[in-house]
Structure formats: structure tokens, C-alpha cells
Amino acid sequence: MIDQSKSLRDSLVKSGLLSEAQVKEAIEEGRRTGETLIKSILRKGMVDEDTLISFLEKEMEIPRVDLSSYLVDQKTVDLVPIATARKYKLIPLFKVGDVLTVAMVDPFNVLALDEVRSKSKCDVEPMVATSKEIEAAIGQYYGVAGSVEDLIKDIGPMPQAAKAAVSTAEEAPVIKLVNLLILRAVSEGASDVHMEPTEKNVRIRYRVDGMMHDVSTAPLYLLSSLVTRIKVMSKMDIAESRLPQDGRFELKVEAKSIDVRVSSFPSIFGEALVMRLLDKSSVLFGLEELGFGEDNLKKFEDVIKRPYGIILVTGPTGSGKTTTLYATLSHILSPEKNIMTIEDPVEYELPGVRQAQVNVKAGLEFATALRSMLRQDPDVILVGEIRDVETAKVAIQASLTGHLVFSTLHTNDAAGSLNRLVDMGVEPFLTASAVASAIAQRLVRTICKNCKVPFEPSPEVLKKLGFNPDEKIEFYHGKGCKACRNTGYRGRTAIFEILVVDAKIEELILRKASSAEIRQAAVQAGMRTLRDDGLLKARQGLTTIDEVFRVTQLD
């Protein structure tokens with residue numbers, strides 16, 4: 001049975017892909033065999049598959065999908081039975097609301113669309129892919145075990161794996177295992193996947209909300225295959241195992257684009273791998289979503305409205321500095337401003353911003369790039385990090401000549417960043433004149449909403465926090481549930497301290513006062529410290545006292 005729209009027949013002829021006679025012949029053939037028009041055209045070899053898919057994409061406006069860069073959640077795969085997938089050569093990709101997007105060879109096959117709609121209880125949105133890609137995807141996803149542990153058992157012992165790493169890395173079970181590890185990491189909201197070889201096995205851990213936890217272990221004989229598979233995906237040298245390497249690849253998971261940064265490191269038991277997962281769809285927060293309180297947000301907005309000066313964002317690696325800077329650039333972005341960045345690396349693309357990446361081999365470092373950027377007539381400049389005195393001096397020169405400069409430093413608090421510049425070799429009078437503000441931040445885990453319950457600290461704890469023990473203050477914590485893996489926490493927010501350089505602090509910088517003196521003057525001028533901001537969020541029921549103490553124990 002054939003059921004094709006007239007527009008497809010007309011478009012095939014109008015585009016010049018086929019003649020009217022060829023289309024008529026394919027329709028007649030389809031009536032005899034019960035095939036669709038597209039299937040008849042392909043079987044008779046009138047047009048090759050790639051050409052036909054390009055036609056469907058350009059003329060019929062049906063999106064083409066590269067299945068090699070897609071990872072499909074097992075829950076989505078389960079919506080369509082394997083018999084339906086094989087019968088019509090299709091694979092479900094992702095579900096958004098009540099709409100299931102499906103990749104198929106023939107997106108005009110009404111019978112296929114009806115059957116998928118009936119089986120999945122969803123509306124169906126077709127995309128187009130080659131039959132070879134779909135067959136590979138069906139083999140890859142249908143029959144995938146429900147857990148990492150089950151899949152490792154299914155792979156079974158492979159004594160020759162270490163000797164034949166390249167071949168085994170391309171075998172379906174290993175591909176499935178790597179895919180499942182990444183899918184599970186994305187579904188759990190992990191930022192990093194760690195594969196760490198030990199004396200007896202491969203330890204697999206995820207970092208979720210800043211904390212590491214064990215996921216599974218794999219036999220040591222699988223290490224070479226897993227490492228090689230990931231190296232192939234990230235275009236790293238599979239023959240080099242004695243030196244550290246870096247690579248990257250991109251995947252689409254559940255309609256989200258995930259950028260995966262891969263790092264290998266040789267250890268005494270074999271190569272350790274870390275995959276950092278960056279969800280491009282979740283990086284661009286508004287300033288309100290970052291965790292600024294009402295007063296801190298007003299103070300920050302006042303600072304970033306300045307026409308010139310340096311604004312430093314400080315904190316350890318993984319404290320959310322890049323997210324804060326990107327949110328800030330998005331906030332001040334306008335057609336009237338020329339915004340440029342030099343980063344290492346460029347983590348996310350910001351529309352309307354000219355971004356560049358450090359290239360040490362080519363001689364493009366922060367200081368040299370910054371000098372060149374100043375000749376590009378920028379209004380706002382983002383320097384990924386001030387690592388040396390040369391970069392610091394060029395950034396200060398830029399700010400003193402009428403540019404607003406954003407950058408980062410690795411210091412424990414806001415006051416410490418001012419002394420760090422002086423310690424680097426920047427003259428105190430330049431630091432005092434150029435720096436407009438220093439913002440320190442940390443990330444704290446937020447209480448899981450599913451298991452959040454009131455919690456009353458002891459009078460001793462309240463006294464230690466500076467509260468009146470007789471005052472009734474209600475705090476909260478998470479008692480632990482399945483949604484938060486029994487941790488009591490789910491998600492993170494930021495705590496901030498915003499130091500605005502005023503006349504008093506300028507004077508302290510000029511006489512090389514200690515960080516403690518600068519901090520005290522900033523507090524007197526109205527700065528809320530990291531710990532105080534954290535305790536305010538604990539009082540608001542966003543996080544716990546324990547979490548605030550964990551991330552501010554050095555402050």
C-alpha cells in the first residue's frame with residue numbers, strides 16, 4: 001500500500017531530482033509491492049540515499065540527524081518496540097512533552113508514523129537519517145542492559161582485550177557501555193565522569209553537585225577498550241599512553257547539546273580518564289538565577305554599569321566563576337557595545353560577543369591577545385584569568401584607558417585578590433586606581449525539595465553562628481530520598497561577597513595593608529562575607545548550616 005502526499009511527488013519532479021516518468025514508474029512499482037514512494041525509489045536505485053536525504057532536508061524541510069553524535073536514553077528507546085523499529089527502519093531520539101522525535105529513512109511513511117504514535121502514545125515528529133545509521137542505532141540501543149553492572153557482565157571476560165584494544169573499542173558492547181556511562185551521568189546531573197584504574201579494577205565515579213560518588217567498577221581487562229573508545233571519540237592519539245592528552249567531542253542527549261572535554265593521565269595502573277560534561281543549554285543563567293540576594297544583586301548591577309575599571313571574580317576551580325561572567329556579559333550585551341573575550345578554553349559560545357581562545361603553541365597568550373584586542377575598539381573585555389604580572393598590567397592599562405575589564409583570580413576571598421595583584425608585581429597605586437570591585441564566590445548544595453524538613457539546631461550551634469539561642473529560628477535539611485540519592489541535597493546555588501573599592505579601601509591598598517584590614521573595612525562599608533551570605537541562604541531554607549561551613553571553613 002502506498003500513501004504519499006502530492007507535494008512529495010511534485011517536489012521530486014520540480015527539483016529536477018527525478019523525471020515525471022521516473023516518479024510514475026516508482027508509484028506503479030509501489031502499488032505492486034506495497035512499498036512507499038521513497039522505498040521504491042531507493043530499491044530501484046533511481047537516486048542514492050544521501051542525495052534523497054539531502055533533498056528531503058532542503059526541499060521538504062525535514063531535519064537531517066547525524067546519529068553518530070546522538071545518545072538516546074533507554075526510557076525513550078523503550079517507547080517504541082524493537083519490532084516496529086526494525087519493520088520501518090526508525091529509531092526514537094527524544095521526547096519533549098507529548099512529542100516524540102523519531103529518526104527514519106522515510107519520514108512520509110504514514111503507516112510507520114501511525115504505528116509509532118499508537119505504541120508510544122505520543123505525537124510524532126520525524127527526522128531523516130540513513131538506513132545504515134538507523135540499523136547501527138537499532139543494534140546499539142535495543143537490548144542495552146538496564147544498568148552499567150549488567151552490561152559489564154554481558155561483555156564478559158576478554159583476556160585478549162589489552163592486546164586488541166583498537167578492535168574491541170569498536171565492538172558494540174564497549175560502545176554501549178561508554179554511551180550508558182555518559183547517559184547515566186547526564187541524567188544524574190553529573191559534571192564529571194572519572195575512570196580510575198586501580199590494582200584490581202577500574203573505579204568509575206561521578207561528580208554531582210561538586211561531590212564525588214562511586215557509580216560502579218569494571219574489570220581491569222576492560223580499561224584499554226574503554227580508554228581507546230573514548231580517545232577515538234575525542235580525536236586523541238590512541239597509540240600514546242605514556243603522556244597526558246586532552247580532547248573533546250560533542251553529543252546530543254535528550255535534545256540537549258553536551259560538550260564533553262576529555263583528559264587522560266598515565267597512572268601506575270594504566271591511563272586514568274576524566275570526562276567533563278558541559279550542558280550548553282544550561283549555562284546561560286540570568287543574574288537573578290545565580291544566587292544573588294536582593295541587595296547583592298543591586299550592588300553588582302551598579303558595579304557592572306560602570307564604563308571602565310577592572311571587576312575581578314575570585315574563587316577556586318569549580319566555584320562557578322565562568323557561569324557568573326557569562327551571565328554578566330549576557331546581561332550587559334547590547335548593539336551599542338563591542339564585547340570581546342580571550343579565554344582558555346572558550347567553554348560556550350555567546351551570540352553577539354567576539355570570543356577568542358588562547359593558543360600557546362601559536363604564541364597567542366592572554367597578554368599578547370589582550371594587546372591586540374585593544375586595537376579592535378572594544379568597550380568591554382573579558383580576560384579568562386590573570387595568571388601573571390604581564391597580563392595584569394595590560395588589563396590595568398586597558399581599564400585606565402576607558403575599558404570595562406572582567407577577569408578571574410584564584411584567591412580565597414575578595415580582599416585577597418587586591419593583595420594578590422600587588423604580590424604579582426603590580427604597583428599599589430595602579431591596583432587602587434584600576435580595580436572597581438572584587439567578587440568572591442562559592443557553590444553550595446541546595447536542599448532537596450522532595451525530602452526537605454524543618455530542623456532545629458542546638459543552642460550551642462546557634463550561639464557559635466552568632467544567633468540568639470533564645471530566638472526561634474527555623475532551619476531546614478533534607479532527610480534523604482531516592483531523588484537526591486539519599487544525600488539530602490539536589491542542585492547548587494552560589495554565595496557571594498562583593499567588595500566595592502571605595503576611598504577607604506584605596507587608601508589601604510596604597511599603604512599595602514593586609515587582607516584582614518581590607519576585609520574589615522569592606523564589612524564596615526556594608527559587604528556581606530561569604531559565610532554571612534551562606535547563613536542568610538540557610539535561614540531562607542535554601543541550604544544547610546553544615547553545607548555553609550563546609551565551603552567557607554577557611555573564611
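- The main-chain N or O of C122 is never found under 3.5 Å from a side-chain atom of K95 such that the two would form a donor-acceptor pair.
- Atoms CD and CD1, from E49 and I41 in turn, are 12.5 Å apart once rounded to the nearest 0.5 Å.
- Between K298 and E301 no salt bridge is recorded (no basic side-chain N to carboxylate O distance below 4.0 Å).
- To the nearest 0.5 Å, the span separating CG on L93 from CD on E125 amounts to 11.5 Å.
- Distance OG1/T76 to CG/L71: 11.5 Å, rounded to 0.5 Å.
- Ring geometry, F94 versus Y70: the interplanar angle falls under 30°, so the pair is classed parallel (tilted spans 30 to 60°).
- Residues P197 and L223 form a side-chain contact, since some pair of their non-hydrogen atoms from C-beta on lies under 4.5 Å apart.
- The shortest distance between side-chain heavy atoms of V193 and I182 does not fall below 4.5 Å.
- In this structure, the separation between CE on M212 and CZ on R203 is 7.0 Å, given to the nearest 0.5 Å.
- The two residues T543 and I447 have their closest heavy-atom pair at O-CD1, 3.4 Å.
- The environment of R492 atom CZ is dense: over 12 non-hydrogen atoms of other residues, nucleotides or ligands sit within 6.0 angstrom.
- By the 30° and 60° cut-offs, the orientation of the rings of Y206 relative to H213 is perpendicular.
- One finds the CG atom of L443 at 8.0 Å from the OG1 atom of T324 (value rounded to the nearest 0.5 Å).
- The CG atom of L226 sits 10.5 Å away from atom OH of Y221, with the distance rounded to the nearest 0.5 Å.
- No salt bridge links D78 with K75; every basic N to acidic carboxylate O contact stays at or beyond 4.0 Å.
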